[in-house]
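Scope of the values below: all heavy atoms of this structure, side chains included, with no hydrogens, waters or symmetry mates.
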Amino acid sequence: MSSEVFDCIVIGAGIQGSCTAYHLAKNKQKTLLLEQFVLPHSRGSSHGQTRVIRKTYEEDFYIQMMHESYELWAQLEREAGVELYRRTGLLVMGPENGKGFSRLKATMQRHKIPTVFLEKQEFSQHIPNVNLADGNGALIDTTAGVLYADRALRAVQRLFQSFGGVIKDGEKVIDIRPGAEVTVTTGSGVYSGRSLVITAGPWANTLLTHTGLQLPLKVVKINVCYWKEKIPGTYSVGQSFPCFIEMEPKEGEYDIYGLPSNEYPGLMKVCYHMGSETEPDERDKQTDRGDIDILVRYVTRCLPGLVPVPAVVESCMYTVTPDHNFVLDSHPTYGNIIIGAGFSGNAKRLAFWKVSVY
């Protein structure tokens, strides 16, 4: 057992844990960041090249959080000297008279988010190569854009270490003993910290078992699909094509979202915002493609410039709560253990707001 006592130990070096550790170290807290896999890896929820960042939410509290998140992402860009965000705008389409789309419009207007509302007759002029479904309305959040995910993760881990932070990867946590000093045991060592932050994504409940707590979390495997442009550049970021969200038309269905072709030239990222339940250590055994079938029908109907068969399918995991909002709180018994879990696909864009509470 190491005799060194850290001010804080953070478990999980995805975007949430890495940003948390970065802010702690920047605030002169002696911080250890533990990761079960060898970095970089693609086994969790933070890998991949791009994510959408937006202020387009139905709930007031998300928009309030995102104001600060944008500022903190810009601050990280300046510190790292690396471009992490590209403004593209976000096209949102949904049933014009539906509750979700109506709430979204009202919330954005209430918070004065810069928004362009597109009439049906002008839609194709502004957004070519997209078929707007009958009865759907459309708006553009002009502040939204693309976050460069892998690049951001590398940047924040590098800055964390520059502030004196310690990263130990390839160290799976096998025990946690709460107390005034929390003791964390891995396969390679034993570490002590005055506080502990658990940001372990799909493995959150596995770790919380050691503290006598379980949360209502469900882990799902997401098929991340890329679709070939029939004419290269049709949906590209270089041609100012926006990110988009197609809001679910029926109860029990989930949004479809997309990002302009960028990371893989000639391929557009279009995904279903839900997947099939899985065990995080056995996700490759989950082979359900029901979400891909939904996407094939959508691409065929609404994105005529894409070949309606995915050219590349990658994997990711979401950790989902019953209401699809996250858990960010101290442990009910041990106040020096902080839990961040269940971000339901929102972790990347919210990461920098989240850590500002520490």
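- Here the shortest heavy-atom pairing between Ala204 and Ala341 reads CB-CB, 4.1 Å.
- In this structure, a donor-acceptor pair under 3.5 Å is present between the side chains of Glu171 and Thr186.
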Open item on the list: Show, in sequence, the C-alpha distance, side-chain angles and deciding distance for Leu306 and Glu229, and conclude whether the side chain to side chain contact (heavy atoms under 4.5 Å, CB included) test is met.
Closed with: CA-CA 5 Å; Leu306 295 178; Glu229 296 170 312; 3.9 Å; yes
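- Applying the salt bridge (charged side-chain N to carboxylate O under 4.0 Å, His left out) criterion to Lys26, with sequence neighbours excluded, gives Glu79.
- No hydrogens or angles considered: a donor-acceptor pair under 3.5 Å links the side chains of Ser276 and Asp288.
- Judged by distance alone, the side chain of Arg87 and the main-chain N or O of Thr142 form a donor-acceptor pair under 3.5 Å.
- No hydrogens or angles considered: nothing links the side chains of Gln49 and Tyr148 as a donor-acceptor pair under 3.5 Å.
- Contact record, Phe6 with Val166: CE2-CG2, 4.4 Å, taken as the closest heavy-atom pair.
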Open item on the list: Assess the residue pair Ile9 and Leu34 against the criterion (side chain to side chain contact (heavy atoms under 4.5 Å, CB included)); give the C-alpha distance rounded to whole Å, side-chain angles, the decisive distance to 0.1 Å, and a yes or no.
Closed with: CA-CA 7 Å; Ile9 299 172; Leu34 293 173; 3.9 Å; yes
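- Val312 and Met317 fall into different hydrophobic clusters, where Ile, Leu, Val, Met, Phe, Trp and Tyr residues are linked whenever their side-chain heavy atoms come under 4.5 Å apart, directly or through other members.
- You'll find the side chain of Leu207 reaches within 4.5 Å of the side chain of Ile176, heavy atoms only.
- Residues Ile63 and Arg54 form no side-chain contact, since every pair of their non-hydrogen atoms from C-beta on lies 4.5 Å or further apart.
- With a 4.5 Å cut-off on side-chain heavy atoms, Tyr257 and Asp255 do not count as touching.
- Scanning for salt bridge (charged side-chain N to carboxylate O under 4.0 Å, His left out) contacts around Arg154 gives an empty result, with sequence neighbours left out.
- For Asp7 and Lys30, the salt-bridge test fails: no basic side-chain N is under 4.0 Å from an acidic carboxylate O.
- Side chains of Ser192 and Val182 form no contact here, defined as non-hydrogen atoms less than 4.5 Å apart.
- Arg103 forms no cation-pi arrangement with Phe101, by the criterion of a distance under 6.0 Å to the ring centre and an angle within 45° of the ring axis.
- Counting heavy atoms from C-beta outward, Glu122 and His126 have side chains that approach closer than 4.5 Å.
- Residues Val307 and Val299 fall into different hydrophobic clusters, defined by Ile, Leu, Val, Met, Phe, Trp and Tyr side chains chained together at heavy-atom separations under 4.5 Å.
- Rounding to the nearest 0.5 angstrom, the gap separating the SG atom in Cys8 from the CG atom in Asn27 is 11.5 Å.
- A donor-acceptor contact shorter than 3.5 Å is absent between the side chain of Tyr85 and the backbone of Glu77.
- Phe37 and Leu33 sit in two unconnected hydrophobic clusters of ILVMFWY residues. Membership requires side-chain heavy atoms under 4.5 Å apart, directly or through other members.
- Here Leu295 contributes atom CG and Tyr272 contributes atom OH; the two are 8.5 Å apart, rounded to the nearest 0.5 Å.
- Side-chain atoms of Thr199 come within 3.5 Å of backbone atoms of Ile11 as a donor-acceptor pair (strictly under, hydrogens ignored).
- Of the possible polar contacts, none joining the Asn223 side chain to the Val313 backbone as a donor-acceptor pair under 3.5 Å is found.
- Ion pairing between a basic and an acidic side chain is recognised when a charged N comes within 4.0 Å of a carboxylate O; Arg177 and Asp175 show such pairing.
- Heavy-atom minimum distance, Ser236 versus Ser261: CA-OG, 3.0 Å.
- Between atom CD1 of residue Ile113 and atom CG of residue Leu104 there is a gap of 10.5 Å, rounded to the nearest 0.5 Å.
- At most 12 non-hydrogen atoms from other residues, nucleotides or ligands lie less than 6.0 angstrom from NZ of Lys172.
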Task: Phe343 and Val320: CA distance, side-chain angles, deciding distance, side chain to side chain contact (heavy atoms under 4.5 Å, CB included) verdict - done: CA-CA 6 Å; Phe343 285 85; Val320 183; over 6 Å; no
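- Atom-to-atom distance recorded for Tyr254:OH and Ile256:CD1 is 13.5 Å, nearest 0.5 angstrom.
- With hydrogens and angles left out, the side-chain atoms of Thr234 and Gln239 include no donor and acceptor closer than 3.5 Å.
- Between Asn136 atom CG and Cys302 atom SG the span is 8.0 Å, to the nearest 0.5 Å.
- Residues Val52 and Val146 are not in side-chain contact: their nearest non-hydrogen atoms beyond the backbone lie 4.5 Å or more apart.
- Side chain of Ser69 to backbone of Met66: no donor-acceptor contact under 3.5 angstrom is found.
- Side-chain heavy atoms closer than 4.5 Å link hydrophobic residues (I, L, V, M, F, W, Y) into clusters, and following such links, even through other members, never connects Val296 to Val309.
- Counting non-hydrogen atoms of neighbouring residues, nucleotides and ligands closer than 6.0 angstrom, the NZ atom of Lys99 reaches no more than 12 such neighbours.
- Judged by distance alone, the side chain of Glu35 and the main-chain N or O of Ala13 form a donor-acceptor pair under 3.5 Å.
- The hydrophobic clustering, which links ILVMFWY residues whose side-chain heavy atoms are closer than 4.5 Å, places Val237 and Leu91 apart.
- Residue Asp323 qualifies as enclosed at atom CG: its count of foreign heavy atoms under 6.0 Å is above 12.
- The shortest heavy-atom contact between Asn336 and Ala180 is ND2-O, 3.5 Å.
- In terms of heavy atoms, Ser18 sits closest to Val156 at CB-CG1, 3.6 Å.
- The two residues Gly89 and Pro242 come nearest to each other via the heavy atoms O-CB, 3.5 Å.
- Using modelled atom types, one finds a donor on one side chain and an acceptor on the other under 3.5 Å when comparing Glu263 with Thr50.
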Open item on the list: I'd like to know whether Leu76 forms a side chain to side chain contact (heavy atoms under 4.5 Å, CB included) with Tyr22, so could you lay out the CA-CA distance, the side-chain angles of the two residues, the decisive distance to 0.1 Å, and finally the verdict.
Closed with: CA-CA 10 Å; Leu76 177 67; Tyr22 155 82; 4.3 Å; yes
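- Between the side chain of Asn205 and the main chain of Gln214, no donor-acceptor pair closer than 3.5 Å is present.
- Although no hydrogens or angles enter the test, the distance criterion places a donor-acceptor pair under 3.5 Å between the side chain of Asp141 and the main chain of Lys55.
- Put simply, the side chain of Glu181 reaches to within 4.5 Å of the side chain of Val5, judged on heavy atoms.
- Side-chain contact check for Ile245 versus Leu90: some heavy-atom pair is nearer than 4.5 Å.
- For Asn325 and Tyr62, the side-chain atoms include at least one donor-acceptor pair closer than 3.5 Å.
- Gln161 places no side-chain N or O within 3.5 Å of a backbone atom of Arg158 that could act as its donor or acceptor partner.
- Of the inter-residue distances, the one linking Asp169 atom CG with Ser188 atom OG reads 10.0 Å to the nearest 0.5 angstrom.
- Here the two rings, on Trp227 and Tyr264, have centers that are 6.0 Å apart or farther.
- The backbone N or O of Thr333 sits less than 3.5 Å from a side-chain atom of His331, completing a donor-acceptor pair.
- Checked against the 6.0 Å centroid criterion, the rings of His273 and Tyr318 qualify as a close aromatic pair.
- With hydrogens and angles left out, the side-chain atoms of Thr107 and Glu59 include no donor and acceptor closer than 3.5 Å.
- The one candidate from Leu147, Thr88, Leu84 that meets the side-chain contact (heavy atoms from CB on, under 4.5 Å) condition with Ile53 is Leu147.
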